[in-house]
Amino acid sequence: RTAIADGRLRPAGEVGQTVAPVVETRDLPDGASAFLGIDPSGACVFYDRGIRRCRIQAGLGHDFLPAACKHFPRVCVIDDDVDRVTLSHFCPSVARNAFAAQPPLSIVAAPVALVSSNPLEGLDARGALPPLLRPGMLMDRDGYSHWEQHAVAVLAGSGSPESALARVADATERLRTWRPGAVGLGEATDAAFARARQVSEVGVSGARSIPPAAIQLDQTVRGAVHAALGARPAPADASACFARHVAPAWSSFAEPVRRYLAAKVFANWCAYQGEGLRTVVWSVVAALAVVRVEAARLCAQSGRNLDAALLLDSFRAADLLLTARRVGAEEAM
């Protein structure tokens, strides 16, 4: 307010009697005193469309940003032994990184710049039981990390995203049969992925439409979005749009799609919120379904076939829907 009053900061959005630049309310999380206003278009009142930049960051610096803006695009699971950090592809820079062939896709120690600027926020699993392998059977944290590493390694390989996910699913189903005994969970994970079925690319990467099951998953995600967030409806002919505009180029973008899915495997909240590894896998399958439908929608809307720019926008649109779904689900609980 001081910066606005002395002219160092000016809102860019529509501010008046109905939109305040700084909003105070009693219904805020502990430690928060206010949030920034949103204009009628849904944009922050300090977002300058002309320069495509935040006026607070440009004029006052990073330290004046709200906590949510400082934290974006990090998505975190905070555990007793390690903090897992993945990144949301709603951020254009993160989405562009999916198209980079280097560095090789792997789980690495987070660079200091990513985790040291302010406290990490996210799903706080400290003191919680480890993720479930299946209903009634816990994993240990090392075993779950082992599964994550294998799943990311499969997605770092070759082939279509559909066949890579099918292999992860097959290995996961094999692992779900494990019981404590002579073979440890880590060793059982190694064996499950070594024996996982190599899915034929015939009828997978060459599919000319979106399978009905994927359409249903997309509808489930959209149906879980809070009404106030206004999820765009999927096209009624999404499968036909995919066949016409997306399928001809889909196989050429296998690597960026696999990289996108790997970001969903790692630091997946469903490991603690769901009923086992199958839930984690299906949450990633659902993310792929939403990307495919969004690609069909955006291609049909633009009147052109899939290209890198449209796929990037599909990643961003899918992440917005998936995040809105999580918010909507939490508000409904």
Side-chain angles (χ1 to χ4, degrees), residues 29-32 67-68 70-91 94 97 105-156 165 168-169 171-172 175-176 178-180 183-190 192-193 259-287 319 322-323 325-327 329-330 333:
D30 292 340
K70 288 180 180 178
H71 196 262
F72 179 79
R74 301 163 184 83
V75 178
C76 305
V77 175
I78 302 165
D79 214 332
D80 289 310
D81 57 342
V82 66
D83 296 334
R84 290 175 169 84
V85 183
T86 188
L87 301 175
S88 168
H89 284 67
F90 184 64
C91 171
V94 175
N97 282 342
L105 181 61
S106 62
I107 299 172
V108 299
V112 173
L114 187 68
V115 296
S116 65
S117 58
N118 41 270
L120 294 176
E121 299 178 14
L123 180 67
D124 191 345
R126 289 172 294 187
L129 293 171
L132 286 166
L133 174 63
R134 60 179 183 273
M137 177 62 70
L138 287 169
M139 303 185 76
D140 56 58
R141 287 181 171 80
D142 286 342
Y144 182 71
S145 294
H146 217 62
W147 179 87
E148 275 186 322
Q149 291 164 4
H150 274 289
V152 169
V154 170
L155 290 163
L165 266 188
V168 171
T172 300
L175 183 61
R176 288 179 80 250
W178 175 85
R179 295 184 181 279
V183 178
L185 189 56
E187 185 180 347
T189 304
D190 293 340
F193 275 89
R259 281 177 169 258
Y260 172 82
L261 297 177
K264 298 291 173 285
V265 165
F266 188 71
N268 190 310
W269 288 22
C270 290
Y272 287 93
Q273 294 177 325
E275 297 187 355
L277 288 184
R278 184 183 284 168
T279 311
V280 179
V281 172
W282 276 98
S283 73
V284 183
V285 173
D319 257 31
L322 292 162
T323 302
R325 174 210 52 79
R326 188 167 64 216
V327 171
E330 288 174 348
M333 289 173 63

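Atom set for the values below is all heavy atoms of this structure, side chains included, hydrogens, waters and symmetry mates excluded.
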Do the rings of His146 and His150 sit parallel, tilted or perpendicular, given the 30° and 60° boundaries? perpendicular
I need the Leu132 CG to Thr279 OG1 distance, nearest 0.5 Å. 8.5 Å
When Val168 is tested against each of Val281, Leu277, Leu261 for side-chain contact (heavy atoms from CB on, under 4.5 Å), which residue passes? Val281
Could you walk me through whether Asn97 and His89 satisfy the side chain to side chain donor-acceptor pair (under 3.5 Å) test, starting with their C-alpha distance in whole Å, then the side-chain angles of each, then the deciding distance to 0.1 Å, before giving a yes or no? CA-CA 9 Å; Asn97 282 342; His89 284 67; over 6 Å; no
Between Phe90 and Thr323, does the side chain to side chain contact (heavy atoms under 4.5 Å, CB included) criterion hold? Intermediate values first, please. CA-CA 9 Å; Phe90 184 64; Thr323 302; over 6 Å; no
For Arg176 against Arg278, the heavy-atom pair lying closest together: NH1-NH2, 2.7 Å
Any chance you could measure Glu275, atom CD, to Met137, atom CE, to the nearest 0.5 Å? 15.0 Å
Between Ala125 and Arg141 the two heavy atoms that sit nearest each other are O-NH2, 4.0 Å
Quick one: closest heavy-atom pair of Trp178 and Ala188, and the distance? CD1-CB, 3.4 Å
Side chain to side chain donor-acceptor pair (under 3.5 Å) assessment of Arg74 paired with Thr86: CA-CA 6 Å; Arg74 301 163 184 83; Thr86 188; over 6 Å; no
Is any side-chain heavy atom of Met139 closer than 4.5 Å to one of Leu185? yes
Test side chain to side chain contact (heavy atoms under 4.5 Å, CB included) on Tyr144 and Leu133; report intermediate values, then the result. CA-CA 8 Å; Tyr144 182 71; Leu133 174 63; over 6 Å; no
I'd like to check Val284 versus Leu165 (side-chain heavy atoms, cut-off strictly below 4.5 Å). Are they in contact? yes
For Ala267 and Val75 the tightest heavy-atom approach is CB-O, 4.1 Å
Search all heavy atoms of Arg126 against all heavy atoms of Asp124 and return the closest pair with its distance. NH2-OD2, 2.6 Å
Ser283 vs Asn268, side chain to side chain contact (heavy atoms under 4.5 Å, CB included): CA-CA, chis, key distance, verdict: CA-CA 9 Å; Ser283 73; Asn268 190 310; 2.9 Å; yes
If you round to the nearest 0.5 Å, how far is SG of Cys76 from CD of Glu121? 8.5 Å
How about Ser106 and Gln149: do any of their side-chain heavy atoms sit closer than 4.5 Å? no
Has the side chain of Trp269 got a donor or acceptor atom that lies under 3.5 Å from a matching backbone atom of Gly122? no
All heavy atoms of Asp319 vs all of Ser88, minimum pair found to be OD2-OG, 3.1 Å
Okay, side chain of Asp83, backbone of Ile78: is any donor-acceptor separation there less than 3.5 Å? no
Rounded distance [0.5 Å steps], OG in Ser145 versus CG in Asp140: 9.0 Å
Stacked cation flag Lys264 on Tyr260, 6.0 angstrom / 45 deg: yes
What verdict does the side chain to side chain contact (heavy atoms under 4.5 Å, CB included) test give for Leu129 and Tyr272, after you've listed the backbone C-alpha separation in whole Å, the side-chain angles of each residue and the deciding distance to 0.1 Å? CA-CA 8 Å; Leu129 293 171; Tyr272 287 93; over 6 Å; no
Is the shortest side-chain heavy-atom distance between Leu123 and Gln273 below 4.5 Å? yes
Any side-chain heavy atom of Trp147 within less than 4.5 Å of one from Leu175? yes
Can you tell if the side chain of Val265 reaches within under 4.5 Å of the side chain of Val280, non-hydrogen atoms only? no
